[in-house]
Amino acid sequence: MQPNKRWSKWWVSVFAASVLALSSLGASAAQPAKQGNTKAAAKKPASAKPASAPKKAAAGAAAAAAAGAAAAAAAPSGPIELQVWHTMNPPQAAEFESLVERFNAGQHGFSVKAVHKPSTEALIEDGIAAVRARRAPHMVELPDNRSPEFIARHATILPMHELLAKYPIKDLRWFLPQTTSTMRDAKGRLLALPWMADIPIYLYNRDLYRRAGLNPDVPPRTWREMQGHLLALLQSGVSCPYATSWQTWVHVESLSAMHNTAYATRNNGLDGPNGAHLLANDLLHVRHLALMMSWVRSHLFPVRSGRDEADAHFVSGECAVLTSGSSALAQVQAKANFSYGVAPLPYYEEEASQPSTPFVGGSAFWALGGHSAAEQKALATFIAYLATPVVAAEWHQKTGFLPLTEAAYRASSVSFYKNIPGAEAVVRAMANPPAKFTRGFRLNNYGRVVSIIDSELNAVWNGIKPPKQGLDDAVARAAAVMNAKK
């Protein structure tokens, strides 16, 4: 997710209180959508304006409350049209809009309109105006900010478990019922629809593997084995053996998860994020970054990005190996003209007898309140359609997102998994019960923390700081943000 699904640099204040809240009320940074969102080139964060945020937030909250109350009191005056706002990238948007068209063709007595927004920032800005004009959308896509409970407690949000309690979906068994890292609260209740659940994976060009004399059916299990593969690829003439997108998700967060070690104190913040601090400067992370730096200097690892920019270098055939969110498969399937395979992220066997699973991330659909009972029932009908095995399986196969339900996993075509070697094993592993430290994490202001870690990683890659100093500085800077007084 993501990945991200995971984690960028845009700033939000008003919508946090009035509609959706991507970060804390006092925070000025919000991340753009990861997996599932439009992923434009990374930009430097705009300067924050904290002095005006509280006043705007309070005014927005009041406007939202008034608008919500008025909307709830009035039934729709004409045919119901559900508005679903999203920021998916082009391949994902095309698939989603195709599903919506098929749903509308079923003539359910109402229609769904998918509205694409160019960015999360644009969605938020338009959302504020829509709420104030009493034309709020019914469901919106938001990235995972690692604090879904904070979003859910705002009056404009209709938690998914409340909607589905009123209008239950028969025989519904979620694919990841035990995972708290995406869109569940501390009680395990679903707060948003995890339609775009994403995990980091290892993608590789099977044609370049063969050219380098490597067995394309045996991807590396460990980072040490991976180094041998990259050396063979470099010697065979590949100018970019390895690239990574979502560098913090892959090389910091999931490094902890894959080895079932704590990413932060207070049980990864799940016991309460206040007072938690990162543990990402431990020996495991320092050694890993040192190995990665040796690859950078040896030209094994020339392409790195904080978001998904590295994906294009793999899709074009330039880079032989990519670590990115599983949602990258949408563009790989649409554009790659070579044979490819996927595998789990590598791990260090000296640190763990067997690998665990990475953190789940990605975007989700949040339902908004303030709509009539008829509109809520219509929205539940549309969600039930998205959860049907055939529809959810098609979405999973064409986008690379995790299956929404167990039935969707079972309904996925055998040919799909056969055409992407390793894909089924990666997905199947995520259905296993999570290890102690792989259930996810809850950390305050995490969108800003990711920006900090990304900047420190870039300082390491560029030779400005050694790995230990870069990670120490990242942890210290993150602590100030996570535990800032609001």
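Just so it is clear, the model here is predicted, and its values are computed rather than measured. Values below: every heavy atom of this structure, side chains too, minus hydrogens, waters and symmetry copies.
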Report yes or no: do [X] and [Y] form a side-chain donor-acceptor pair below 3.5 Å?
X: S356; Y: T438; result: no
X: E95; Y: W395; result: no
X: N458; Y: Q247; result: yes
X: Y242; Y: Q227; result: no
X: H86; Y: H116; result: no
X: Y348; Y: H288; result: yes
X: S339; Y: Y209; result: no
X: E351; Y: H259; result: no
X: E225; Y: W223; result: no

Ionic contact status for [Y] with [X], cut-off 4.0 Å:
X: D217; Y: R206; value: yes
X: R477; Y: E456; value: yes
X: R211; Y: D207; value: no

If the plane angle is over 60° it's perpendicular, under 30° parallel, otherwise tilted; pick one for Y340 and F338.
->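 Y340 and F338: perpendicular rings.
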
Audit row: N445, M482, side chain to side chain contact (heavy atoms under 4.5 Å, CB included) steps and yes/no | CA-CA 6 Å; N445 299 328; M482 292 190 301; 5.7 Å; no

Side-chain ([X]) to main-chain ([Y]) donor-acceptor, under 3.5 angstrom:
X: S326; Y: G400; result: yes
X: N268; Y: Y263; result: yes
X: R304; Y: T244; result: no
X: R442; Y: G269; result: no
X: S245; Y: A310; result: yes
X: S412; Y: A408; result: yes

Flag the pair [X] / [Y] as yes when at least one side-chain heavy-atom distance between them is below 4.5 Å, and no otherwise.
X: R224; Y: L291; answer: yes
X: V427; Y: Y409; answer: yes
X: W85; Y: D126; answer: yes
X: E394; Y: L99; answer: yes
X: V342; Y: L329; answer: yes
X: M293; Y: L289; answer: no
X: E253; Y: I453; answer: no
X: M139; Y: Q83; answer: no

Enter the distance from [X]:[atom1] to [Y]:[atom2] here, rounded to the nearest 0.5 Å.
X: Q92; Y: S327; atom1: CD; atom2: OG; value: 5.5 Å
X: N215; Y: H229; atom1: CG; atom2: NE2; value: 8.5 Å
X: L255; Y: M292; atom1: CG; atom2: CE; value: 9.0 Å
X: Q397; Y: Q333; atom1: CD; atom2: CD; value: 8.5 Å
X: M226; Y: L233; atom1: CE; atom2: CG; value: 9.5 Å
X: T248; Y: I452; atom1: OG1; atom2: CD1; value: 10.5 Å

Closest approach of [X] to [Y] (non-hydrogen atoms, all atoms of both residues):
X: L203; Y: S324; value: CD1-N, 4.3 Å
X: P137; Y: L368; value: O-CD1, 3.3 Å
X: L322; Y: D311; value: CD2-OD1, 3.6 Å
X: P273; Y: N483; value: O-OD1, 4.2 Å
X: V360; Y: M430; value: CG2-CE, 3.5 Å
X: A114; Y: F96; value: CB-CE2, 3.9 Å

Do the ring centers of [X] and [Y] come within less than 6.0 Å of each other?
X: F359; Y: F441; result: yes
X: H396; Y: F416; result: yes
X: F401; Y: F175; result: no

Could you walk me through whether H285 and S256 pass the side chain to side chain contact (heavy atoms under 4.5 Å, CB included) test, one step at a time?
-> CA-CA 8 Å; H285 286 81; S256 294; 2.9 Å; yes

What's the verdict on ring pair (Phe, Tyr, Trp, His ring centres under 6.0 Å) for F301 and H251, showing C-alpha distance, side-chain angles and the deciding distance?
-> CA-CA 13 Å; F301 186 16; H251 292 283; 5.8 Å; yes

If you draw a 6.0 Å radius around CD in E350, do more than 12 non-hydrogen atoms from other residues or ligands fall strictly inside?
->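 Check passes, neighbour count above 12.
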
Give the C-alpha distance, both sets of side-chain angles, the deciding distance and a yes or no for side chain to side chain contact (heavy atoms under 4.5 Å, CB included) between I199 and L345.
-> CA-CA 10 Å; I199 55 171; L345 288 181; over 6 Å; no

Take L443 and L278 through the side chain to side chain contact (heavy atoms under 4.5 Å, CB included) test and state the conclusion after the steps.
-> CA-CA 9 Å; L443 298 172; L278 295 182; 3.6 Å; yes

